[in-house]
Amino acid sequence: MSDTLNLIKAAWPLLKKAVASGQVLNPQCDLVEPSSDIAPHYDVEIPMSEGFTLTANIFRSHGRMAEGDRDPVVMCAHPYDNRHIAALGGTPFNGPPQQYRLIPQSGGKPRFSTLASWESPDPEFWVQAGYTLVNLNLPGYANSGGPPSILSEHQGRSYREAIAWVGEQDWCAGHVGLCGVSFLCISQYLAAATPDGEEPPAALKAIIPWEGVSDLYRDLACRGGVPDTGFLNFWWHTEVLPSLAGSIEDYLAVEEAIPPEVLAKHPDYDAFWQAKAPPLENITVPMLLCASFSDHELHTFGSFRAFEKASSEHKWLYTHRSGKWTEFYKAEALQVQREFFDRFLKGEANGFENRPSVRLEVRSARDEVHEVRNLDHWPPSLALSALYLKADRTLSAQAVPTTSRIEYRAIDGKAVFDFVFEEPTEITGYMKLKVFIEVAALSTSETVPSDATLCCFIDKYDIYGERVPFYGTVGQNRDALTRGYGRASRRALDRDASTPLHPIPACLVDEPIGPGDIVPIEVAFCPSSTFFDEGESLRLTISGSDIIHSPIFRKDVSTNQGKHVIHIGGEYASHLLLPIAQLQNLQD
């Protein structure tokens with residue numbers, strides 16, 4: 001299937017919804033005029049040691065400039081062209097960035113000024129908070145020089161050089177913090193996770209990575225061994241390609257292929273992909289990291305991984321289950337961001353370092369927050385509870401002694417299993433499904449398939465048997481509680497990277513299933529935090545297709561033919577493993 005056709009299929013539901021809802025003409029955000037105190041300096045050139053320059057928009061305070069003050073700096077970097085702001089007429093109809101006309105928002109409307117570019121910290125907020133804001137174009141994008149690349153060490157090295165330059169300017173107090181969403185989060189990992197033996201710039205004092213992948217292959221391109229043909233295609237054509245400073249040939253001189261075509265050239269988790277996963281353990285600066293329970297198709301896994309692996313002595317985790325842009329600009333989140341930077345960039349004795357490590361948001365439904373509380377660590381120490389798949393399509397807390405099997409058509413079938421809670425129960429953390437699978441032909445005249453792709457979902461149902469929706473990725477407002485993917489031919493795990501609740505396929509070789517073979521597949525579900533009241537239930541769905549779809553993501557399930565046979569009980573103890581507050585609350 002061509003990239004163009006994949007793009008149309010992935011983007012059409014999103015575009016159709018944007019037109020039908022009127023969002024194209026009435027973007028889902030509130031745009032405000034900035035304070036007259038803000039002094040913008042556009043296209044400031046920052047020299048690189050390789051001989052090219054990067055460009056940055058720098059926002060300062062007229063009042064503090066007149067006093068000769070030196071501010072701490074909040075900085076971001078990306079490939080999206082920092083001139084795409086309403087104040088410069090660089091956006092459609094001089095409104096917000098184009099994405100707010102295309103992508104549905106969740107949990108409310110983001111609010112920011114005409115000086116803010118896509119997913120960036122807002123100069124209106126930060127300048128008034130006593131900071132200078134620097135918005136940087138990465139090499140090869142917009143009017144920055146140098147070679148264009150994606151998630152490369154070169155991008156990280158250039159970002160570090162720019163940070164060092166900013167820290168030496170006479171308008172900077174010598175303290176720089178990084179902040180931003182999605183790619184503006186990922187670029188912080190690239191800058192702060194320095195190569196072995198290299199120190200971060202002296203000026204870099206703290207970072208606020210707000211939701212971002214930290215391993216492009218495992219988080220997005222081929223999660224669970226299942227290729228995604230939608231997002232990278234959409235992202236490249238709508239956000240990256242339009243900002244290239246040169247031609248596609250310039251990009252291909254550095255990268256082997258454009259993002260939509262990389263997986264075809266590198267289907268395995270090889271050195272190419274490994275080089276795009278920054279060494280997170282090398283992050284040592286103070287970090288306030290946001291990870292959402294709603295961005296399951298994109299950033300959830302990567303955000304939690306970054307928090308767990310970073311070596312920072314001072315690190316905090318802010319969780320939520322709303323939309324990432326809505327939450328980033330929300331007053332509560334901005335206040336936490338400001339207090340963090342006030343402590344580590346301004347040196348204020350505000351006690352931030354004494355805060356508990358984790359802000360945990362527990363939801364009982366899409367718009368119902370059951371509780372917000374603090375934890376000392378992530379993931380929380382909860383008992384691991386196995387719920388075993390039964391032939392009657394239920395889940396049991398007791399192992400099933402007798403073997404049985406359940407079948408469904410691979411291309412359009414599914415198997416559903418339910419469990420009812422008899423006591424109030426909270427499930428917080430990672431979840432895993434281990435299921436024993438056989439593939440078979442639908443008839444004796446057909447060839448037995450040699451692979452199986454599983455799309456798995458966990459849902460919540462209320463006491464009336466109605467499905468409880470949650471916010472999901474890119475404005476999905478009726479998402480499952482969590483989701484996971486697995487592929488039989490990629491069932492071998494990376495034992496060093498995997499944990500008991502987070503199996504990670506090695507994706508180094510294909511292992512086809514032979515006729516009559518029964519193989520275990522371990523499927524990782526994104527972490528979440530959900531409250532179930534007495535009488536509410538959990539539903540596990542195992543399917544051969546992505547039945548709870550999130551536009552613009554599109555899973556390649558072309559391996560599915562014939563039928564899937566789930567083996568249950570006895571030596572085939574297919575089960576769902578959950579982190580649950582109280583195992584004794586589970587009843588058959």
Side-chain angles (χ1 to χ4, degrees), residues 74 76 106-108 110-112 119-122 125-126 129 177-189 192 205-214 219 280 283 285-296 298-310 312-345 350-363 369-380 426 428-430 470-473 526-530:
V74 174
C76 66
S106 300
R111 181 181 178 86
F112 49 85
E119 299 184 321
S120 75
D122 186 1
F125 176 82
W126 288 106
L178 311 182
C179 184
V181 181
S182 193
F183 199 101
L184 287 72
C185 162
I186 303 164
S187 64
Q188 296 177 59
Y189 301 149
K205 303 299 182 184
I207 60 175
I208 303 180
W210 202 270
E211 303 187 45
V213 301
S214 53
D219 296 343
L280 300 169
I283 297 176
V285 297
M287 177 172 69
L288 169 63
L289 185 147
C290 176
S292 83
F293 297 127
S294 51
D295 208 9
H296 291 161
L298 187 55
H299 294 319
T300 295
F301 267 137
S303 299
F304 283 103
R305 180 191 300 107
F307 179 77
E308 293 166 20
K309 286 187 172 294
S312 305
E313 178 184 359
H314 300 294
K315 61 180 181 179
W316 289 267
L317 177 64
Y318 182 105
T319 72
H320 71 91
R321 182 134 202 189
S322 185
K324 57 176 166 279
W325 307 292
T326 301
E327 195 74 20
F328 179 64
Y329 295 111
K330 194 160 70 176
E332 177 189 353
L334 287 172
Q335 182 62 24
V336 175
Q337 295 170 37
R338 177 177 178 173
E339 291 174 3
F340 173 76
F341 274 157
D342 284 351
R343 171 64 185 86
F344 292 103
L345 298 189
N350 60 10
F352 197 98
E353 69 275 18
N354 299 319
R355 290 189 179 209
S357 298
V358 180
R359 175 203 188 263
L360 179 68
E361 181 183 287
V362 186
R363 294 219 173 192
V369 176
H370 174 72
E371 182 183 7
V372 175
R373 69 175 185 272
N374 296 319
L375 302 176
D376 291 327
H377 57 274
W378 174 270
E426 178 186 309
T428 293
Y430 295 90
F470 289 87
Y471 288 123
T473 302
C526 283
S528 60
S529 185
T530 310

- Message: Keeping T319 on the side-chain end and A291 on the backbone end, is there a donor-acceptor pair under 3.5 Å?
- Response: no

- Query: Measuring from Y318:OH to E327:CD, what's the distance to the nearest 0.5 Å?
  - Reply: 4.0 Å

- K309 NZ: over 12 foreign heavy atoms closer than 6.0 Å: no

- Donor-acceptor contact present, side-chain R359 to main-chain V372, <3.5 Å: no

- Just how far is it from atom OG1 of T428 to atom CD of E371, taken to the nearest 0.5 Å? 9.0 Å

- In short, F112 meets D122 closest at the heavy-atom pair CA-OD2, 3.3 Å

- Item | Candidate pair E353 and R343, rule salt bridge (Lys or Arg N to Asp or Glu O under 4.0 Å), full reasoning | CA-CA 8 Å; E353 69 275 18; R343 171 64 185 86; 2.8 Å; yes

- Item | Spacing of CZ belonging to R305 relative to CG belonging to L289, to within rounding of 0.5 Å | 12.0 Å

- Message: I'd like to know if the side chain of T326 reaches the main chain of S106, judged simply by a donor and an acceptor atom lying under 3.5 Å from each other, with no hydrogens or angles considered.
- Response: yes

- Query: Shortest non-hydrogen contact from G180 to F328?
  - Reply: CA-CZ, 4.2 Å

- Item | Expected output: side-chain H370 to main-chain R363 donor-acceptor under 3.5 Å | no

- Task: Taking E361 for its side chain and F293 for its backbone only, find out whether a donor-acceptor pair lies under 3.5 Å.
- Result: no

- Below 6.0 angstrom between ring centroids: does that apply to F341 and F352? no

- Looking only at heavy atoms, the pair that brings S120 and L184 closest together is CA-CD2, 3.5 Å

- Query: Are the side chain of S292 and the backbone N or O of K324 linked by a donor-acceptor pair below 3.5 Å?
  - Reply: no

- Message: Angle between ring planes, H314 versus W316, binned at 30° and 60°: parallel, tilted or perpendicular?
- Response: parallel

- Message: Show the nearest heavy-atom pair for residues E119 and F183, with the distance to one decimal.
- Response: OE1-N, 4.1 Å

- Message: So, taking the atom named CG in L317 and the one named SG in C290, what distance separates them when rounded to the nearest 0.5 Å?
- Response: 8.0 Å

- Item | S303 (side chain) donor-acceptor with G212 (main chain) under 3.5 angstrom | yes

- Euclidean distance, S187 OG relative to I207 CD1, rounded to 0.5 Å: 10.0 Å

- Query: Closest approach of W378 and G429, non-hydrogen atoms and distance?
  - Reply: CH2-CA, 3.8 Å

- Can you check whether S322's main-chain N or O pairs, donor with acceptor, with S294's side chain at less than 3.5 Å? yes

- F340 side chain near V336 side chain, heavy-atom distance below 4.5 Å: no

- Query: Backbone N or O of P286 within a donor-acceptor pair of the S312 side chain at under 3.5 Å?
  - Reply: no

- Message: Are the side chains of W210 and Q337 in contact, using a 4.5 Å heavy-atom criterion?
- Response: yes

- Message: Nearest 0.5 angstrom please: Q188 CD to M287 CE, how far?
- Response: 10.0 Å

- Message: Give me the atom names and distance for the closest heavy-atom approach of L375 to P356.
- Response: O-CB, 3.6 Å

- Task: Before giving the answer on side-chain contact (heavy atoms from CB on, under 4.5 Å), spell out for F470 and T530 the whole-Å C-alpha distance, their side-chain angles and the decisive distance to 0.1 Å.
- Result: CA-CA 10 Å; F470 289 87; T530 310; 3.9 Å; yes

- Task: Taking D219 for its side chain and F301 for its backbone only, find out whether a donor-acceptor pair lies under 3.5 Å.
- Result: no

